[in-house]
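Report on one structure; see the data block that follows.
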2 protein chains.
Amino acid sequence: MGWTERVVAHLADEGHRLTGPRRAILDYILRYSVPFTSEELIADLQKAGVHVGRATVYRTLELLHNYQWLSLVHRPEGEHGYVVAEPGHQHHLVCRRCGMVTAFQGCEIESLLGGLAERLNFRIEGHWLEAFGVCRGCQRANNERV
Amino acid sequence: MGWTERVVAHLADEGHRLTGPRRAILDYILRYSVPFTSEELIADLQKAGVHVGRATVYRTLELLHNYQWLSLVHRPEGEHGYVVAEPGHQHHLVCRRCGMVTAFQGCEIESLLGGLAERLNFRIEGHWLEAFGVCRGCQRANNERV
DNA sequence: AGTGTAGTGATACAAAATATCAAAAAGATT
DNA sequence: AATCTTTTTGATATTTTGTATCACTACACT
């Protein structure tokens, strides 16, 4: 079962309706290999001849983000972009060159934060970790060029 | 030597002028106990009768952020806010209730990411870590209320 | 005090996001 | 399949946020 189907099933469970525009957005989102912004999606849908109102795009992205079917990452240029995700704890590696995102889990950070929380009497409920650098492909591309 | 003086000295070192508006902004910034946005600062300065142009506020915040005298954190509501910081690697604990920010260092995350980078052939150049939860004060306040 | 230049601010402009609300369409019900 | 209830949509207006311009100001240095 692919991402779209899982999303669809989950939204239905939560009592949301599966509308044409939502389907169209879900289908389109999977084409992105790098993080995208709301405005980019709106423009791309337009160009692709998919007719969806801008408000609907914003609303749908927000909905998916709330359920963690989309994550926000910092793009090299500075703004936030959405990436397809799975609900649950996840982190991302973002390539500064090509923008590609790799998700990873394995979160030993919990323990690190645990000790900290104890010292500060701070009840930690979650965290946000994101790393950036240069992906394998871009390193190679760079070497070949030089 | 307080934060403001350190900033002032550093800016002078870097060849920047110490102007009235910059002074005013530096002085005002320290009043915040929670992260603030550019627009909030603009509005607050206005209310306080401190006359500084909006462009200048944006420019000054950007300047300070570039030198890491200000950090950006995710506020509970979702947007980014600035907090007073010290140059160098730093992370933040953000309280979901009151918005208060506590900085911390101790970054064993490096090693965690190091292993990951090796596995994925990804050259990691930096990361962004931020934790959120409930601070000591808000935990207590909550207990008393119940 | 005079001077070169970084910095300012009013304004206009551009971009990004939200509010409104009548109309459309999902999905349940019969 | 026709109806009904309610969510969802989309056109538009509006707000909010951020940037560009450029004549003018006032630092800092001599």
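Note that the coordinates shown come from a computational prediction; the quantities given were computed from them, not determined experimentally. Within every chain, numbering begins at 1; the chains are lettered A, B, ... in the order of the sequence lines, protein sequences first and strands thereafter.
Contact annotation: B/H16 reaches the phosphate of C/dG7 (side-chain N/O to OP1 or OP2, under 4.0 Å). The shortest distance between the side-chain N/O atoms of A/H80 and the OP1/OP2 oxygens of C/dA17 is not below 4.0 Å. For B/H51 and C/dG9, the shortest distance from a side-chain N or O to OP1 or OP2 is not below 4.0 Å. Proximity of B/T19 to the phosphate of D/dC27: no side-chain N or O atom is located under 4.0 Å from OP1 or OP2.
Taking only side-chain atoms of B/A55, from C-beta outward, the nucleotide of D/dG18, C/dG9, C/dT18 with the closest atom is C/dG9.
Between the side chain of A/R6 and the backbone N or O of A/M1, at least one donor-acceptor pair lies under 3.5 Å. No donor-acceptor pair closer than 3.5 Å links the side chain of A/E118 to the backbone N or O of A/G115.
One can place CD of B/E14 at 12 Å from P of C/dG7, the figure rounded to the nearest angstrom. One can place CD1 of B/I42 at 9 Å from C1' of D/dG18, the figure rounded to the nearest angstrom. Computed from coordinates, the A/L45 CG to D/dT9 P distance equals 13 Å when rounded to whole Å. Atom CZ in A/R23 sits roughly 16 Å away from atom C1' in D/dT8 (whole-Å rounding). We find that CG of B/L61 is positioned 13 Å from C1' of D/dT17, with the value rounded to whole Å. To the nearest angstrom, C1' of C/dT20 lies 17 Å from OH of A/Y58. Summarising the geometry, the separation between CG on A/L11 and C1' on C/dA26 is reported as 14 Å, rounded to the nearest angstrom. Taking atom CD of residue B/E79 and atom C1' of nucleotide D/dT16, one finds them 12 Å apart after rounding to whole Å.
Judged by distance alone, with hydrogens and angles left aside, A/R54 brings a side-chain donor or acceptor within reach of the base of C/dA17, the pair sitting under 3.5 Å. For D/dG10, its base sits under 3.5 Å from the side chain of A/R59 at one donor and acceptor pair at least. For C/dT5, its base sits under 3.5 Å from the side chain of B/R17 at one donor and acceptor pair at least.
With the nearest nucleotide of DNA chain C identified for both B/R22 and A/P21, B/R22 has the one nearer the 5' end. A residue-by-residue look at B/L18 and A/G20 shows that A/G20 has its nearest nucleotide of DNA chain D further toward the 5' end.
Contact check on B/E40 versus B/R75 returns a salt bridge, with a Lys/Arg side-chain nitrogen under 4.0 Å from an Asp/Glu carboxylate oxygen.
Residues A/H10 and A/H16 fail the side-chain proximity criterion, which asks for heavy atoms closer than 4.5 Å.
Judged by distance alone, the side chains of A/H91 and B/H127 never bring a donor and an acceptor atom under 3.5 Å apart.
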